[in-house]
Amino acid sequence: MESKKIFLDEGELPRSWYNIQADLPRPLEPPLNPKTGKPIGPEDLAPIFPQELIRQEVSTERWIEIPETVSDVYRIWRPTPLHRARRLEKALGTPARIYYKNESVSPPGSHKPNTAVAQAYYNKKEGVKRLVTETGAGQWGSALAFATNLFGLECQVYMVKISYEQKPYRKSLMQVWGADVVASPSSRTQAGREILEKDPSSLGSLGIAISEAVEDAATHEDTKYCLGSVLNHVLLHQTIVGLEAKLQMEKLGEYPDLLIGCVGGGSNFSGFAFPFVRDKLTGEKPDLRVIAVEPTACPTLTKGPYRYDFGDTAELTPLLKMFTLGHSFVPPGIHAGGLRYHGDAPLLCLLVDQKLIEARAYPQNSVFESALLFARTEGVVPAPETAHAIKAVVDEARRCKEEVIVFNYSGHGHFDLAAYDAYLGGRLQDFAYPQEEIEKALSTLPQM
Ligand SMILES: *Cc1c(COP(=O)(O)O)cnc(C)c1O
């Protein structure tokens with residue numbers, strides 16, 4: 001009998017997250033205070049984040065213990081299965097062995113609750129009553145709504161307007177878990193009102209929604225802010241994905257030649273890849289290839305410069321050293337809403353800059369072509385974000401090498417069927433590389 005998937009027992013759930021800051025080839029450049037140009041300290045972050053998350057953000061300890069209460073919630077859906085995509089292999093006629101780690105089995109349908117649960121736990125423990133955040137495609141908002149509900153916290157979500165309109169059921173899901181959801185830009189914040197004044201029909205962007213959420217947190221007692229990607233502690237929590245996948249590959253007696261994941265802010269990709277990248281850093285697996293995939297409409301890693309930039313549109317966040325398209329860049333309204341972010345996680349960017357990780361970009365019609373092939377062979381319908389990874393898997397497997405390809409199946413596409421309708425109806429638009437807009441946005445980068 002050919003096995004199709006590998007499970008782990010609940011008792012095999014990893015007990016610590018892996019912190020790649022212990023093994024970096026050079027230290028991370030610190031976030032800077034935009035006013036002084038000096039590194040920010042933990043005290044600058046205290047108004048918006050709880051102490052333990054600030055500690056994790058700067059920690060260089062290799063292993064950070066997962067609290068029992070967090071593991072207890074993880075066990076609702078974790079450990080997640082690792083599947084062999086045999087039908088896809090057959091359809092491609094490839095000698096490659098293709099595996100995928102299935103993060104779509106969580107209640108919100110993606111990898112995002114891995115960090116949402118941890119963040120809700122630490123906030124609750126430190127006496128916070130209300131959490132506020134932004135969401136793009138609605139995956140992060142629903143993950144945080146799921147987590148805050150379990151820990152008895154209030155949840156306020158600023159949802160990028162184009163997704164709010166394209167994905168009404170994501171909003172419904174957040175409301176089922178008790179969150180208050182508002183379309184961003186909104187009139188609830190100064191940042192939102194200023195953008196609406198300039199452009200009443202603004203589609204919104206993650207950068208704008210972050211500005212609103214940060215302002216909300218900074219102006220309300222008992223409220224803290226949560227970020228679903230980009231920051232070191234978020235990537236840390238996501239390493240549960242790669243640690244499990246590594247164990248599962250060990251059980252199969254396999255080691256990957258190639259790892260693939262999609263990148264919006266970099267959390268699912270990094271969480272999946274970093275425990276393996278460690279073997280590359282230690283010199284144990286020097287030939288391991290790792291590919292990060294993004295949309296051509298928002299080509300941060302493939303076209304952006306490696307510079308200090310703001311994390312948000314309204315210039316409220318510290319400056320982060322990252323590949324960036326400029327914080328004022330508003331990407332075209334592609335269906336992979338979770339990949340419409342102007343920057344990327346500093347940890348991931350450092351490794352791309354060091355050429356330890358490769359990056360590539362695809363236009364959305366080619367991505368949906370692969371998504372459909374996957375849905376019609378493996379039977380599961382991927383999120384448009386995840387489909388970017390699948391497109392790269394298909395391209396690599398078509399080269400017909402005998403190799404082991406493992407990718408992260410970051411989420412399902414059950415709330416994205418309007419995008420599939422558009423593709424099937426020939427109505428899906430491909431956007432040219434938005435060169436002019438990017439050049440304009442890059443010309444406003446701070447000089448650091
Ligand atoms: C949010 C999301 C992404 C992109 O975010 P990362 O932080 O880059 O992982 C990718 N896939 C799915 C399914 C998502 O929900």
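No experiment lies behind these values; they were computed from the predicted model shown. Computation of the quantities below employed the complete heavy-atom set of this structure, encompassing side-chain atoms and omitting hydrogens, waters and symmetry-equivalent molecules. One is the number of the first residue; the rest follow in order along the sequence. As the structure lists them, so they are numbered: ligands from 1, and atoms in each ligand from 1.
- Those atoms of ligand 1 with a heavy atom of G265 less than 4.0 angstrom away are 6 (P), 7 (O), 8 (O).
- Here S267 contributes atom OG and K112 contributes atom NZ; the two are 6.0 Å apart, rounded to the nearest 0.5 Å.
- Contact check for E396 versus I260: side-chain heavy atoms found under the 4.5 Å cut-off.
- Not a single heavy atom of A137 sits less than 4.0 Å from an atom of ligand 1.
- When the options K246, R84, R97 are evaluated for a salt bridge (Lys or Arg N to Asp or Glu O under 4.0 Å) with E254, the one that passes is R97.
- Every atom of ligand 1 with a heavy atom of E385 under 4.0 Å away is listed here by number and element: 10 (C), 11 (N), 12 (C).
- Contacts of E103 with ligand 1, taken as heavy-atom pairs under 4.0 Å, are absent altogether.
- Here F407 pairs with Y100, F374 under the ring pair (Phe, Tyr, Trp, His ring centres under 6.0 Å) rule; sequence neighbours left out.
- Near Q139, the atoms of ligand 1 lying under 4.0 angstrom from a non-hydrogen atom of the residue are 13 (C), 15 (O).
- Contact annotation: for V263 versus ligand 1, heavy atoms closer than 4.0 Å belong to the backbone alone.
- Considering CD of Q248 and CG of L243, their distance stands at 11.0 Å, rounded to 0.5 Å.
- At under 3.5 Å, a nitrogen or oxygen of H111, whether backbone or side chain, sits near a nitrogen or oxygen of ligand 1.
- When hydrogens are left out, the protein atom nearest atom 14 (C) of ligand 1 is K112 NZ, 2.7 Å; that is the closest non-hydrogen contact.
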Between I20 and R278, is the side chain to side chain contact (heavy atoms under 4.5 Å, CB included) condition met? List the steps. CA-CA 7 Å; I20 201 165; R278 182 184 178 208; 5.8 Å; no

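- Between A383 and ligand 1, a contact under 3.5 Å exists for no N or O pair.
- Any N or O atom pair closer than 3.5 Å counts here, and G228 shares no such pair with ligand 1.
- Rounding to the nearest 0.5 Å gives a distance of 13.5 Å between CG of L144 and CD of Q139.
- With ligand atoms numbered from 1 in the order given, ligand 1 contributes 10 (C), 11 (N) to contacts under 4.0 Å with heavy atoms of C262.
- Of the protein's non-hydrogen atoms, G338 O, 3.5 Å is the one closest to atom 4 (C) of ligand 1.
- In terms of polar-atom proximity, G411 is not counted as a contact of ligand 1, lacking any N or O under 3.5 Å from an N or O of the ligand.
- F415 and H412 have parallel rings, their planes meeting at less than 30° on a 0 to 90° scale where 60° marks the start of perpendicular.
- At the top of the distance list for atom 7 (O) of ligand 1, counting protein heavy atoms only, stands S229 OG, 2.5 Å.
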Is there a side chain to side chain contact (heavy atoms under 4.5 Å, CB included) between M249 and Y99? Walk through the geometry before answering. CA-CA 9 Å; M249 292 301 284; Y99 296 93; 4.1 Å; yes

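- Counting protein heavy atoms only, atom 11 (N) of ligand 1 is closest to S410 OG, 2.7 Å.
- For Y306, the ring pair (Phe, Tyr, Trp, His ring centres under 6.0 Å) partners two or more places apart in sequence, or in a different chain, are F323.
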